Peer 1: 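What follows is a single structure, and I will ask about it in a moment.
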Amino acid sequence: MGHTQIWWIRRDIRLQDNQTLDAARQNADFLIPLFIIEPELMQQAAPKRRDFILAALADLDRQLRDLGSRLIVRQGPAQQALQALSTQLGEISLFAHEDYSPFARQRDLNVSQFFPIHHPEGVTLRHPSAILKDDGNPYTVFTPYKNKWYESPIPTPADCLPAPNSLPPLPQGLDAGQLPEAQASEHFPATSDEAQSRLQTFADDGIQRYQSLRDRMDLDGTSRLSPYLRFGLISIREAFVEAQIAYHQSKTTKQRSEIRTWMDELVWREFYTAILYHFPNVMRGAFREKYQNIQWRNAPDDLQAWQDGKTGYPFVDACMRQLAHTGWMHNRGRMIAASFLTKDLLINWQEGEAWFMANLVDGDPAANNGGWQWSAGTGTDAAPYFRIFNPVLQGQKYDPEGDYIAHWVPELKHLPVKFRHEPWKIDPAEAKKYGFKYGSDYPKQIVDHKFARQRTLKAYSEAKDSFFENQEG
DNA sequence: AGGTTTTTGAA
DNA sequence: TCAAAAACC
């Protein structure tokens, strides 16, 4: 009987540049590429996210078969699945990349009581504990974190691990298990080829205009790589390496700045991963205590209208419908939708955080929580609470022709640009010309922005004042 | 990674 | 009188 090693696949669904696979196949007589379908995945993950993972695994299975292996699937909980394998196979060695979310850490702690886990890195480029202030404490402000982060070198292509061209065999007589059927996404095909092609296309071209175009909702200015990074169809190292190549090839300061802006976004990903790692309580409430007791409104109908994309604010509704339909939302859209829920509707950001996790194909607890707390003004390095987006001005600025609105809110697409942004301003007689009736073809505003703005400034300032009063008393 | 109101200073 | 800048939220 030889030595069996398990590559426990989590968010590293790839063969290339995979430190965990690389470690697991060394000195292995048998290698099991294992995915454990944990109850949390099937019950709690957004359907589109679950489908993305399952489709990516099916694609990985095809690649593994080309190498004479195949994907082995088990039902969770993880510890039971591993116990069963160990009973069947005898001694096993377990390799799984270190993951940093509270759920993953607790699970790995439980499992490691029974099976020691070899824990290569790879989810981030720098370990959350690798970037600390000189006094040893974690950063809570992005800019100094970023400066420290960039002090270490960015990897080069030579640092990336090639996909193996052979793998140790599977043990005899092992049941492969079965992946549930997944619905394929037309917007995010979950294959390795698609991931590589998106990265290459973006690194060759779009990255050079990223800074200039990234906020335009009507253009394809972003990489749309988030789900592929989320589940490791490409590695974060590959992403940085490709960006760094483009950076070194660029001729002008302007071009370098465009590229650097994209790299900074990847550093935000590392930053929020580190924040959740060091401050797991952010999952339960405001990072900044003085905003823990904001008097949020309990307004289920307003929440529902926001979720359905029927707030009567076309830009917000377009964002929310894009999310529901594709499982993805533009980053600026996320900020605007979040500002609207928290500042215009004065609904607890945790409602929005949950809705995004229930719908996003790229939903990641660290990035999602960080983004929501930033938007709500309750987080580390957050937007100041008085920074309240005006949903109309944002639309006019970042969707100047109203094309994005027209696509996702088609009931407005026959209106002139001005009225796509402000359908309430159209004269009923003129509306008739376009076969449009405000209030029935498209909902009326569920809240007046100007009024809502004052309400929110008051609520935040009261929360802050009462916090400081309680502190003194 | 903003918006709104007030002030300023050049027509 | 108006647009840009500054101040404030």
Side-chain angles (χ1 to χ4, degrees), chain A residues 139-147 149 207 209-219 221-223 226 257-272 275 287-288 290-291 294-295 311 313-316 319 329-346 349 352-353 356 362 364 366-400 404 421-422 445 447-468:
Chain A
Y139 287 97
T140 58
V141 179
F142 177 67
T143 304
Y145 172 87
K146 180 182 75 171
N147 293 337
W149 193 99
I207 198 170
R209 288 178 302 283
Y210 178 75
Q211 186 178 35
S212 305
L213 298 187
R214 65 183 178 139
D215 284 325
R216 283 289 293 270
M217 301 287 289
D218 53 336
L219 305 174
T222 69
S223 68
S226 52
S257 153
E258 298 274 344
I259 294 163
R260 183 64 177 249
T261 301
W262 190 67
M263 295 169 82
D264 288 352
E265 296 302 318
L266 300 183
V267 179
W268 273 104
R269 177 183 179 275
E270 309 251 316
F271 176 66
Y272 281 139
I275 291 293
F287 177 83
R288 290 154 66 159
K290 61 181 169 179
Y291 296 128
I294 294 167
Q295 294 302 301
T311 66
Y313 283 85
F315 202 47
V316 174
C319 292
M329 197 195 292
H330 194 288
N331 180 56
R332 174 146 298 272
R334 297 186 199 201
M335 292 194 280
I336 292 160
S339 177
F340 191 83
L341 184 75
T342 55
K343 310 272 174 86
D344 282 75
L345 299 179
L346 198 57
W349 58 269
E353 181 192 22
F356 272 28
D362 61 27
D364 171 74
N368 191 48
N369 180 276
W372 274 95
Q373 294 231 34
W374 183 88
S375 293
T378 61
T380 59
D381 202 18
Y385 73 83
F386 48 77
R387 185 179 288 164
I388 297 171
F389 285 28
N390 179 320
V392 176
L393 292 180
Q394 288 284 313
Q396 289 166 341
K397 192 167 173 187
Y398 298 115
D399 181 26
Y404 176 75
H421 290 292
E422 301 175 285
Q445 299 170 329
V447 67
D448 174 67
H449 175 68
K450 201 169 174 183
F451 159 80
R453 186 170 180 278
Q454 293 307 319
R455 178 172 68 184
T456 286
L457 290 173
K458 187 157 167 282
Y460 273 72
S461 120
E462 282 173 359
K464 191 160 52 99
D465 291 347
S466 84
F467 173 79
F468 287 122

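We name chains A, B, ... by the order of the sequence lines, and we start the count at 1 in each one. Everything numeric here is computed off the predicted structure, so don't read it as measured data.
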Peer 1: Rounded to whole angstrom units, what separation is found between the CZ atom of A:F451 and the P atom of C:dC9?
Peer 2: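 Going from CZ in A:F451 over to P in C:dC9 covers 20 Å.
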Peer 1: Can you tell me if A:S375 uses its side chain to pair, donor with acceptor, with the backbone of A:G371 under 3.5 Å?
Peer 2: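 It does hold such a pair.
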Peer 1: With a 4.0 Å cutoff (strictly under), does any side-chain N or O of A:R332 reach OP1 or OP2 of B:dG2?
Peer 2: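 Looking at the OP1 and OP2 atoms of B:dG2, one of them is under 4.0 Å from a side-chain N or O of A:R332.
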Peer 1: Can you measure A:K450 atom NZ to C:dC9 atom P for me and round it to whole angstrom units?
Peer 2: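 To the nearest whole Å, that distance equals 17 Å.
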Peer 1: Should A:D362 and A:R269 count as an ion pair when the cut-off is N to O under 4.0 Å?
Peer 2: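 Salt bridge flag = no for A:R269 with A:D362.
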Peer 1: Nearest-Å distance, CD1 (A:I388) to P (B:dT4)?
Peer 2: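 The answer, rounded to whole Å, is 9 Å.
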Peer 1: Does a nitrogen or oxygen in the side chain of A:N390 sit under 4.0 Å from OP1 or OP2 of B:dT4?
Peer 2: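 Yes, such a contact exists.
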Peer 1: From the options B:dA1, B:dT5, B:dG2, select the nucleotide whose nearest atom is closest to the side chain of A:N331.
Peer 2: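 Nearest nucleotide to the side chain: B:dA1.
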Peer 1: Rounded to the nearest angstrom, tell me the gap between atom CZ in A:F315 and atom C1' in B:dG2.
Peer 2: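 Value for this atom pair: 14 Å.
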Peer 1: Check the distance between C:dA7's P and A:L457's CG and give it to me in whole angstrom.
Peer 2: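 After rounding, the reported distance stands at 20 Å.
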Peer 1: Using a cut-off of less than 4.0 Å, is there contact between a side-chain N or O of A:Q394 and OP1 or OP2 of B:dG3?
Peer 2: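 Affirmative; the distance criterion is met.
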Peer 1: In this structure, how many angstroms lie between the P atom of B:dA1 and the CD atom of A:Q211, rounded?
Peer 2: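 A:Q211 atom CD is separated from B:dA1 atom P by 9 Å.
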Peer 1: Using the ring of each side chain (for Trp, its six-membered ring), is A:Y291 parallel, tilted or perpendicular to A:Y460, with breaks at 30° and 60°?
Peer 2: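 It falls in the tilted class, 30° to 60°.
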Peer 1: For B:dG2, take OP1 and OP2 only and decide whether either is under 4.0 Å from a side-chain N or O of A:Y398.
Peer 2: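 Result: yes.
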Peer 1: How about A:E258 and A:S212: does a side-chain donor come under 3.5 Å of a side-chain acceptor?
Peer 2: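 Checked: A:E258/A:S212 side chains pair up, N/O donor to acceptor below 3.5 Å.
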Peer 1: Return the value, rounded to whole Å, for the distance between atom CZ of A:F389 and atom C1' of C:dC9.
Peer 2: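 From A:F389 CZ to C:dC9 C1': 15 Å.
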Peer 1: Nearest whole Å is fine: how far is B:dG3 P from A:D344 CG?
Peer 2: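 Whole-Å distance recorded here is 12 Å.
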